[in-house]
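Since we're looking at a predicted model, the values are computed, not measured.
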Amino acid sequence: MTQEYRTSMAQDGSEQVLRIPPEFAMSERDVVLRKQDSLLVIQPVSDIPSETSLLSLLKSFSKIEDEFPDVDKNLQPLDDLNTPDSF
């Protein structure tokens, strides 16, 4: 069941402040605020699935089977380069 409560917005300098009634109070201080079409969504950080992390995204990629070219093919070995002793 969806709860609904009508509240008001206040202006604090250049920011808007939303008055959240006690029935909707969140125990967390860290939240994500996002706009979805005309909706304003406030979500506790702990409710965000870990699948949204970069590591999870990278793990979801399939293995690359392509052959990569040998980019060092025509280069001299590093030992044969003449470099100054000090910079």
Side-chain angles (χ1 to χ4, degrees):
M1 177 165 86
T2 303
Q3 290 183 337
E4 191 173 296
Y5 187 90
R6 188 173 182 138
T7 187
S8 61
M9 303 281 279
Q11 197 70 35
D12 183 16
S14 62
E15 297 182 352
Q16 277 189 314
V17 179
L18 174 65
R19 293 186 177 103
I20 300 176
E23 305 88 72
F24 288 87
M26 298 179 163
S27 58
E28 288 192 40
R29 292 183 52 91
D30 294 327
V31 296
V32 173
L33 185 64
R34 126 178 116 260
K35 240 181 147 174
Q36 290 179 338
D37 300 320
S38 63
L39 299 177
L40 185 60
V41 178
I42 303 170
Q43 184 177 11
V45 171
S46 65
D47 287 354
I48 298 173
S50 62
E51 290 84 37
T52 59
S53 73
L54 176 59
L55 182 58
S56 296
L57 175 65
L58 293 174
K59 285 180 180 179
S60 72
F61 293 155
S62 59
K63 185 177 177 184
I64 299 173
E65 303 290 341
D66 298 346
E67 279 290 321
F68 287 97
D70 183 3
V71 294
D72 298 333
K73 186 175 168 182
N74 296 321
L75 298 177
Q76 295 178 7
L78 288 177
D79 295 337
D80 294 347
L81 293 176
N82 295 326
T83 58
D85 292 336
S86 62
F87 290 92

Find out if a path of hydrophobic residues (ILVMFWY) with successive side-chain heavy-atom gaps under 4.5 Å connects [X] to [Y].
| X | Y | result |
| --- | --- | --- |
| I42 | L39 | no |
| V17 | V41 | no |
| V31 | I20 | yes |

Nearest 0.5 Å please: distance from the CE atom of M9 over to the CG atom of L40.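 That separation rounds to 7.0 Å.
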Can you tell me if E15 has over 12 outside heavy atoms packed within less than 6.0 Å of its CD?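 Atom CD in E15 is not packed in, count stays at 12 or less.
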Enclosure of I64 CD1 (heavy-atom neighbours >12, cutoff 6.0 Å):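 Atom CD1 in I64 is not packed in, count stays at 12 or less.
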Can you tell me if D66 uses its side chain to pair, donor with acceptor, with the backbone of F68 under 3.5 Å?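 A pair under 3.5 Å: no.
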Measure from the side-chain N and O atoms of E23 to the backbone N and O of A25, and report whether any donor-acceptor pair falls under 3.5 Å.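 No, E23 side chain to A25 backbone: no donor-acceptor pair under 3.5 Å.
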Nearest atoms (heavy-atom pairs only) where T7 meets R19: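 Minimum heavy-atom contact is OG1-O, 2.6 Å.
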